[in-house]
Undergrad: 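Quick one: the structure is below, questions incoming.
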Amino acid sequence: MGSILRFRKLCYVEPVKISSLLNKKSYEPTKTSSETKDEIGGVPNVDNVFDKECKKRKTKRQSREWRCVDNCCWVIGYLCTTWWLLMFMYNCLPVTLPGFQVPESPGVRLKREGLTALHPVVLVPGIVTGGLELWEGKPCADGLFRKRLWGGSFSELFKRPLCWLEHLSLDSETGLDPEGIRVRAIPGLVAADYFAPGYFVWAVLIENLARIGYEGKNMHMASYDWRISFQNTELRDQALSRLKAKIELMYITNGYKKVVVVPHSMGSIYFLHFLKWVESPPPMGGGGGPGWFAKHIKAVMNIGPTFLGVPKAVSNYFSAEAKDIANIRAMAPGLLDSDIFGFQTLKHSLRVSRTWDTIGSLIPKGGETIWGNLDWSPEEGCNCDWAKKRHQYPSSSGNNSTNNNAKRDFRVEEPVKYGRMISFGKASQMPSSQLQSLDIKKLQRSSTSKNVSSTCGEIWSEYDEMTRESIKEVADNKAYTARTLLDLLSFVAPKMMRRVEAQFSHGLADNLDDPKYSHFKYWSNPLETKLPDAPDVEIYCLYGVGIPTERSYIYKLSTTEKCNSIPYRIDSSAEASQNGCHDGGVCMVDGDQSVPVLSAGFMCAKGWKGQTRFNPSGMPTYIREYQHKPPSSILEGRGTESGGHVAIMGNVALIEDVMRVAAGATGEEIGGDRIYSGILRMSERVNIQL
């Protein structure tokens with residue numbers, strides 16, 4: 001009886017009419033002898049009919065139920081299982097393997113040599129590496145109070161992506177918190193020790209400093225909200241006042257020992273802004289007065305500094321791209337800006353990043369004098385053979401010679417015109433006399449006169465407010481240098497650039513005694529401000545070399561004319577050069593993969609070298625370059641000799657330099673200058689008044 005009921009439940013969900021089956025009999029082809037056995041007296045066998053119909057419906061139901069989401073689930077399952085197995089195998093491995101010996105950490109070795117903590121250390125993180133947490137949010141962010149929105153596992157990005165983006169965005173008018181949202185920097189060493197699980201930033205350096213006696217009382221992470229402008233971190237969070245108070249407290253509680261400050265990336269210009277703020281009178285400054293810097297600071301050890309800006313900031317503002325993104329778009333067209341699944345990743349990224357004013361602080365500074373013009377650049381003739389560069393030897397401070405640097409470089413057959421920071425199509429190599437100039441005022445009048453307004457609903461970016469004619473005019477055989485690209489950005493994103501230009505300056509000062517340079521917007525530009533009067537304080541530029549780094553871009557118009565689309569994109573189909581200087585629409589120079597050597601090293605090589613108008617007290621400066629060496633095996637992780645912009649934080653040589661200076665050594669005692677790149681040759685080619 002039970003089997004009969006189960007049979008009825010299975011097959012009679014949608015009853016089949018016998019009459020309809022009998023009516024089909026006359027239209028069916030002649031049955032075989034085996035089929036006729038299923039009929040009794042010309043009437044179909046009901047049991048067999050039901051069996052066939054059940055099988056048919058069951059097969060059809062199964063085929064319908066297998067959807068794309070099932071494939072995605074299986075792929076995710078396979079990836080998770082593979083990752084779990086790899087982690088299990090990795091944790092089962094012994095500490096030492098035959099043929100592989102874990103190198104001794106510099107902290108253990110230096111402790112054995114008798115090195116102990118002496119000077120307090122303040123760590124200043126850069127852009128994006130510091131964690132952010134939610135203090136107040138919209139209803140979609142329920143349950144996230146004081147949880148990380150940026151940094152950590154980024155789980156909320158996958159759970160509620162649009163809500164996550166909304167809370168990380170800032171107000172497009174003020175550059176501060178949108179109404180009803182408060183996101184703040186996470187305090188303490190945990191703010192930037194790891195960016196994500198397993199991806200260290202400051203963790204390795206912190207651990208090694210702890211080996212020789214550092215802890216919470218003499219080591220501090222000066223975290224801040226890296227999205228808002230430097231002066232706004234003081235107005236909203238009093239971040240500069242808290243940093244000033246913390247340095248003064250550490251100075252007093254550690255036996256009046258001066259502090260060693262270690263900024264990374266954008267943290268270098270953030271601390272440069274702090275130096276001017278702390279000695280300036282209130283209300284704009286901190287009121288520390290002249291001599292505060294000399295009294296409290298022993299050395300400033302800038303790691304991967306962005307003193308003169310980063311070309312990546314331009315491509316980020318212009319099209320939300322970099323070389324890796326352009327390659328992905330070339331290999332998988334539509335993946336990052338597809339409307340099919342509603343991802344629209346690039347459009348969201350552009351909309352959010354254009355609310356972050358600090359990216360504007362990274363726009364290249366110094367104009368054509370520093371970065372070159374349509375026909376010239378300091379990097380012309382640079383060595384793009386990265387494999388060969390790994391075998392070069394450094395020059396010490398005692399025998400540093402620009403001639404040696406010149407011998408290591410070679411002039412390519414067709415020099416890349418790096419001064420054309422953004423160019424369209426053939427404009428990247430056309431003679432400058434054939435290039436058309438852009439009349440920004442004319443384009444603005446064209447856009448305004450037609451009273452252009454967005455008809456695409458929500459405005460993703462200010463591109464929606466441009467006419468199609470002006471979009472094409474921008475790209476018509478045009479090339480833009482470090483000077484004219486400011487006009488370009490002001491045209492394509494006027495609202496954003498009004499905020500940026502109110503907070504930062506990107507020029508080169510003629511007269512630093514001009515009263516206008518007392519305004520805070522000039523303080524983070526080393527070419528428009530003076531270092532404090534502190535002849536005993538040492539300034540270090542520590543950065544990696546030997547990695548191709550983005551310097552200029554070749555663009556093209558996007559093929560789509562849809563609403564809410566980004567009209568420009570990097571031309572990854574542009575012909576690559578044999579010497580490696582140009583690949584996939586991006587022109588490369590020597591650097592740490594993010595910051596070119598020119599930006600990281602120029603101020604220590606020339607701008608601040610000796611007693612100059614930018615360094616009136618003659619503070620000693622040192623360049624310490626770290627030649628990139630990729631890890632020899634997967635067990636080394638990101639390597640102990642990496643020169644990458646973030647991975648350098650695990651470089652054994654850099655960690656040792658920081659630890660020795662923190663323990664009392666001077667720049668001369670750790671070896672003075674150590675130079676692998678052509679930074680001296682580049683600096684000599686820059687004609688700047690000192």
Undergrad: Could you give all pairs that pass the side chain to side chain donor-acceptor pair (under 3.5 Å) test and reach residues 260-284, with sequence neighbours left out?
TA: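 Found Q231-H273, T233-Y270, S265-H645.
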Undergrad: Using the disulfide bond (SG atoms under 2.5 Å apart) rule, collect all pairs that involve residues 504-543, keeping only residues at least two apart or in two chains.
TA: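 For residues 504-543, and leaving out neighbouring residues, the disulfide bond (SG atoms under 2.5 Å apart) pairs sorted by first residue read C541-C604.
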Undergrad: Taking only residues two or more places apart in sequence or in another chain, which ones pass ring pair (Phe, Tyr, Trp, His ring centres under 6.0 Å) with Y626?
TA: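 Partners of Y626 by the ring pair (Phe, Tyr, Trp, His ring centres under 6.0 Å) criterion come out as none, since no residue qualifies.
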Undergrad: Only counting residues at least two apart or in another chain, list the ones meeting side-chain contact (heavy atoms from CB on, under 4.5 Å) with A502.
TA: none
Undergrad: Suppose we screen for salt bridge (charged side-chain N to carboxylate O under 4.0 Å, His left out). Which residues come up paired with K111, at least two apart in sequence or across chains?
TA: none
Undergrad: What pairs with Y522 under ring pair (Phe, Tyr, Trp, His ring centres under 6.0 Å), at least two apart in sequence or on another chain?
TA: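 Ring pair (Phe, Tyr, Trp, His ring centres under 6.0 Å) list for Y522, sorted by chain: Y517.
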Undergrad: Can you give the donor-acceptor pairs under 3.5 Å from side chains of residues 123-134 to other protein atoms, not counting sequence neighbours?
TA:
residue, atom, partner, partner atom, Å
T129, OG1, G126, O, 3.4
E133, OE2, W135, NE1, 3.1

Undergrad: Which donor-acceptor pairs under 3.5 Å do the side chains of residues 363-370 make with protein atoms, sequence neighbours left out?
TA:
residue, atom, partner, partner atom, Å
K365, NZ, S361, O, 2.6
E368, OE2, T481, OG1, 2.7
E368, OE2, R483, NE, 3.4
E368, OE2, R483, NH2, 3.4

Undergrad: To the closest 0.5 Å, what do you measure between CH2 (W292) and CG (L275)?
TA: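 One finds 8.0 Å between CH2 of W292 and CG of L275.
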Undergrad: Which atom pairs, donor and acceptor, lie under 3.5 Å between side-chain atoms of residues 494-501 and protein residues at least two apart or in another chain?
TA:
residue, atom, partner, partner atom, Å
R499, NE, D357, OD1, 2.9
R499, NH1, S172, O, 2.7
R499, NH2, R354, O, 2.6
R499, NH2, D357, OD1, 3.0
E501, OE2, S490, OG, 3.4

Undergrad: Give every donor-acceptor pair under 3.5 Å between a side-chain atom in residues 184-201 and any protein atom, sequence neighbours left out.
TA:
residue, atom, partner, partner atom, Å
R184, NH1, D177, OD1, 3.3
R184, NH1, D177, OD2, 3.0
R184, NH2, D177, OD2, 2.9
Y199, OH, R638, NH1, 3.4

Undergrad: Considering only residues two or more places apart or on different chains, which pairs with a residue in residues 522-532 satisfy salt bridge (charged side-chain N to carboxylate O under 4.0 Å, His left out)?
TA: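 Non-adjacent pairs meeting salt bridge (charged side-chain N to carboxylate O under 4.0 Å, His left out): D513-K530.
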Undergrad: Heavy atoms only: give me the nearest S617-P532 pair and the separation to one decimal.
TA: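 Looking at all heavy atoms of both residues, the shortest contact is OG-O, 3.5 Å.
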Undergrad: Please list all pairs meeting salt bridge (charged side-chain N to carboxylate O under 4.0 Å, His left out) that have one or both residues in residues 594-611, counting only residues at least two apart or in different chains.
TA: K609-D673
